[in-house]
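Have a look at the structure below, then the notes.
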Amino acid sequence: MRLSRIELFENIRRDKRLDPLVSQRALAVKYGVHRRTVRQALTSAVPPPRKPGLRKFRLLDPAREWIDAMLREDLAAPRKQKHTVDRIHKRLAVEYDFDAASYSTLRNYVRTRRPEIVAEYKAGRRHLEGMVPQAHLPGEEAEVDFADVWVRVAGETVKCHLFTLRLSYSGKAVHRVFASQAQEAFMEGHVEAFKVLGGVPTRHIRYDNLKSAVRTVCTGRSRVESERWTAFRSHYGFDAFYCMPGRDGAHEKGGVEQEGGRFRRAHLVPVPDVPSLEELNARLALVDEAEDERMLRGKLTTIGFNFRIEAEELAPLPAEEFECGITLTPKVDRTSRITVRQCHYSVPARFIGQRVRVNLRGNELLVFDRRELVARHPRLTKRGDYRDVLDHYLEILLDKPGALARSTALATARAEGTFTAVHEAFWAAALAAHGDAAGTRALIEVLLMHRRMPAEAIHAGITAAVRAGSASPEVVAIEARKAVATARARELQDDGHDDPPPWADPEAGQVLSLPDRRPVLPEDTRPPPSVDVYDQLLTRLPKGSA
């Protein structure tokens, strides 16, 4: 292994110390160095600094000042309008009549010199990167931001968005996950946060220039806001403070900028696996409560202690809640679907060809027929995505049973677990007993029972029918009613009623054996009746005969 210069000097000095009579020539031959190096080692244990290398880019010496001036202009130029090597090369030839250096020489110089000029510029402005600590009064200010987060919802990994509202004084934060950053989600996050906090900041809330709130960014801090956002702020009575665009404005709401990443690392790793975003947000609500015991850096008391002081200074909530959802009236097409924001959702088949009222919210979509809620879907965000509910197509499938096996609604029901192995077993038994069409219709009649009875009772009825070897929807209905009656009887007993109700069957849960209702008749031994008398009616009598 090659020795470093310090190790080389140490070895030379050691040999000289052990044998004072050894010559410099001998030491130079032993270590393969010049005698000048031996003299340097004997003079000092620290090697002298190396001499600077030869100057590069000698051909560019006449143009160095011009090139550096162009690179300094780029410090204040827009990001996409800075000098390229090709542009510098052309300007030197046209404006300064300099073409002695090649393109590659100029490129190597710019590659080395540009970072140096940026470093020189920042060195003179390093003090401007400092931050001045701020004092926030209780209840006056808050900060809001979105952070990207990945969530596994019903087995599918999707990109979601973590909404965070953080009070500046106490550091109390409210976190909620939404499927998108649309205006509906933006406002619903505020509403949920105001509910948790029990009030509204009295001065302002700091924001980036989100499209959900800002329609146009003007000079300075002037903004043109969207009308619904302005109405929302007016309803809750707070002002908005918009930070400067780009990275220069990030420090103006540094608390929430760090909070989103910290919360994601602390509570959303590994990737959450939940059946719905509603359940995930319920978990986050518990996490927010637990974080009240956390103590921020530089504070002597916990977040919860400081929030109890701040909560008293917040402005009260309005009497009525603002409706954040957007109302739309799409038309139901022949596939019993509506299209909202380039995504497709199923509705009951009876509305085909009609318009329905839709309330689009941050994480869900509600479909109404006048005031009746007829469908509820989780909000979709991927263009062209769809969600079909099997119950919406049952009336069509009664007339077209062959369409069930390959339907997207059945695939969705299987993926979501609503079409279970119990249904599969009954369907197989019905197909074997009645054939394809009649067997599928029997299954559809069972699925229609879900509209009237709980799913647990239907599952119990199907299980009992299959165990008895029956594929009749009537048997499933009878057993499902028995399961409902048994459940009610147990509820009454749990409430303190020892006597069973009159409809409770002590043998509930057993399969009914349906007898053959056809009567058994004795064998008929009588002779068949004669029809000779009736044959006379078929004989045509001659005219004039009596």
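For the single chain, residues carry numbers from 1 onward in sequence order. Quantities reported herein were computed from a predicted structural model and do not represent experimental measurements.
When every heavy atom of Leu314 is checked against every heavy atom of Leu197, the shortest pair comes out as CD1-O, 3.8 Å.
With 3.5 Å as the limit, one finds a donor-acceptor pair spanning the side chains of Thr335 and Asp333. Between the side chains of His423 and His450, a donor-acceptor pair is found at a separation under 3.5 Å. Using modelled atom types, one finds no donor on one side chain facing an acceptor on the other under 3.5 Å when comparing Glu140 with His204. For the residue pair Thr408 / Asp388, a side-chain donor-acceptor distance below 3.5 Å is found, with atom types taken as modelled. A donor and an acceptor atom, one from each side chain of Ser346 and His392, are located under 3.5 Å apart. Looking only at atom types and distance, the side chain of Glu416 has no donor-acceptor partner in the side chain of Thr418 under 3.5 Å away. Residues Thr327 and Asn359 have side chains that never bring a donor and an acceptor to within less than 3.5 angstrom of each other.
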Let me see the working for Arg376 and Val367 under side-chain contact (heavy atoms from CB on, under 4.5 Å), right down to the final yes or no.
CA-CA 6 Å; Arg376 181 192 296 267; Val367 183; over 6 Å; no
Report the C-alpha distance between His175 and Phe163 in whole Å, list the side-chain angles of each, state the deciding distance to 0.1 Å, and finish with yes or no for ring-ring contact (aromatic ring centres under 6.0 Å, His included).
CA-CA 6 Å; His175 307 84; Phe163 172 91; 9.2 Å; no
Begin from the C-alpha positions of Glu291 and His267 and carry the test side-chain hydrogen bond (donor to acceptor under 3.5 Å, both in side chains) through to its verdict.
CA-CA 11 Å; Glu291 287 217 324; His267 303 291; 2.7 Å; yes
Take Glu293 and Thr302 through the test side-chain hydrogen bond (donor to acceptor under 3.5 Å, both in side chains) and record every step on the way to the result.
CA-CA 6 Å; Glu293 302 302 320; Thr302 63; 5.0 Å; no
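When ring centroids are compared, His136 and Tyr169 stay outside the 6.0 Å threshold. Less than 6.0 angstrom separates the ring centroid of Tyr207 from the ring centroid of Phe186.
Applying the ring-ring contact (aromatic ring centres under 6.0 Å, His included) rule to pairs touching residues 339-362 yields Tyr345-His377, sequence neighbours excluded.
A tilted orientation is assigned to the rings of Tyr236 and Phe194, their planes being inclined by 30° to 60°.
With a 6.0 Å cutoff to the six-membered ring centre and a 45° limit on the axis angle, Lys211 does not count as a cation-pi contact of Phe146. Cation-pi geometry between Arg357 and Phe368 is met: the NZ or CZ atom falls under 6.0 Å from the ring centre, inside 45° of the normal.
Here Arg176 pairs with Glu192 in a salt bridge; the nearest charged N to carboxylate O distance falls below 4.0 Å. Taking a cutoff of 4.0 Å between a charged side-chain nitrogen and a carboxylate oxygen, Arg203 and Glu141 qualify as a salt bridge.
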